[in-house]
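Down below is the structure, laid out as structure tokens.
Counting starts at 1 for both ligands and their atoms, following the listed order. The chain is numbered in sequence order, starting from 1. Hydrogens, waters and symmetry mates play no part in the numbers below; they use all other heavy atoms, side chains included.
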Amino acid sequence: MNDKIPVTVITGYLGAGKTTLLNRILTEPHGRRYAVIVNEFGEIGIDNDLVVGADEEIFEMNNGCICCTVRGDLIRIIEGLMRRRGKFDAIVVETTGLADPAPVAQTFFVDADVKDAARLDAVVTLADAKFLLARLQDAPEAKNQIAFADVVILNKTDLVAPDELSEIEARIRGINPYAVIHRTVKAAVPLEAVLERNAFDLSRIMEIEPNFLAAGDHAHDDHHHDHACGPDCGHDHHDHDHHHHSHAEQQERPTLKAYHDEDMQSVSIRHEGDVDPERFVPWLEELTQRDGPDILRCKGIVSFKNEPRQFVFQGVHMILDGDLQRAWREDEKRSTRLVFIGRKLKEAEIRKGFAETVA
Ligand SMILES: Nc1nc2c(ncn2[C@@H]2O[C@H](COP(=O)(O)OP(=O)(O)OP(=O)(O)O)[C@@H](O)[C@H]2O)c(=O)[nH]1
């Protein structure tokens, strides 16, 4: 698994700052070599001229945002890159601002050759602090991009007032309680916050449980609906300054409400204990087959009965990918955590279905 090339997908609505972030990646000294794939919307590759860094390889897909076409191109491009393995350490894909991130993400699960060679490391979504709220109203792509994110870069914070920022963050949380949010000007984030995040690494998947730090250690099954999650939930727990800062902010504005997004929901399940793989896997497969069109993303870490290793999965719509990874450590509590993000999620049904897989 670890010899697979990590792929970072950068997404975000038009003008949010994707190219600005990409240029940082290409110019800051990090000792890593990135192959960059730019998915340009439109006929002429304007972005290509803006991207600096002569040593990097830039490919463009000029056929816009039609899902399957993009995916085919992406597969061919990645396969082409794999023939030059050894020349780069990681891949960054910048999608068009109008793209649905699903087909791009799906590429890393669907195509056998791509899957063998590369792994989706994280989806990083740039959000324009000034225009995000308006785009969430009128552009479904913008909402999907937020829902898909492992990391949200809330950029252009210089253009809005601080209390407005808290509201925007709360709106992002209403759509996706799990993403790590960074506030930036000119996409200035430490690059380790976006690159090689290993968003599905087991030590990091704790981040997908938004109330983990807030609520302390749960002694029993914890069923909460994440709309209840406040704007301070699920902040980057690795980034302590930011976290504390946000808490301070929260205290100053105790009336700030969490947003309930009418259109997008999330369901998270935590179970302290094992599940039965013979029941769990068919349940998950059936659920994603049946409700896949509404499930944008799911991920989880699962404790299988009598299995020393952790089962880790992630999925995009109907496509699922999971395997047994490292062994549970002796000092670590075996627990199962699942997250589903999507539209029209049947929460009660999901919880009931899961409960039936408990060993
Ligand atoms: N005020 C302000 N402007 C910014 C910031 N970050 C980027 N910009 C500017 O916003 C514009 C768009 O930034 P890009 O990085 O090109 O955005 P993009 O997401 O790649 O845009 P598309 O390729 O059109 O989707 C540029 O003129 C940037 O210089 C910021 O934090 N504050």
Exercise. Is it true that Asp294 and Arg343 have a side-chain N and a carboxylate O under 4.0 angstrom from each other?
Worked result: no
Seminar exercise, completed: Quick note on ligand 1: atoms under 4.0 Å from a heavy atom of Leu159 include exactly 1 (N)
Problem set entry | Subset of ligand 1 atoms that lie under 4.0 Å from at least one heavy atom of Asp158 | 1 (N), 2 (C), 30 (C), 31 (O), 32 (N)
Exercise. Are any of the side-chain nitrogens in Lys143 or Asp138 under 4.0 Å away from the carboxylate oxygens of its partner?
Worked result: no
Problem set entry | Atoms of ligand 1 close to Val185 [distance to a heavy atom under 4.0 angstrom, numbered from 1] | 31 (O)
Exercise. In terms of ring plane angle, is the pair Phe280 and Phe354 parallel, tilted or perpendicular, where the classes change at 30° and 60°?
Worked result: perpendicular
Seminar exercise, completed: So the atoms of ligand 1 within less than 4.0 Å of a heavy atom of Leu14 turn out to be 25 (O)
Exercise. Applying a 4.0 Å heavy-atom criterion (strictly less than), which segment of Leu126 is in contact with ligand 1: side chain, backbone, both, or neither?
Worked result: neither
Problem set entry | Residues Glu349, Arg290: salt bridge by 4.0 Å N-O rule | yes
Exercise. Does a salt bridge link Lys305 with Asp276, judged by any charged N lying under 4.0 Å from a carboxylate O?
Worked result: no
Problem set entry | Polar contact flag for Lys18 and ligand 1 (N/O pairs, less than 3.5 Å) | yes
Exercise. Can a non-hydrogen atom of Gly17 be found less than 4.0 Å from any atom of ligand 1?
Worked result: yes
Exercise. Between Glu169 and Arg183, is the closest basic N to carboxylate O distance under 4.0 Å?
Worked result: yes
Problem set entry | Proximal candidate to atom 11 (C) of ligand 1 [heavy atom criterion; set Lys186, Arg183, Lys156] | Lys156
Exercise. Is there a nitrogen or oxygen of Gly15 sitting under 3.5 Å from a nitrogen or oxygen of ligand 1?
Worked result: yes
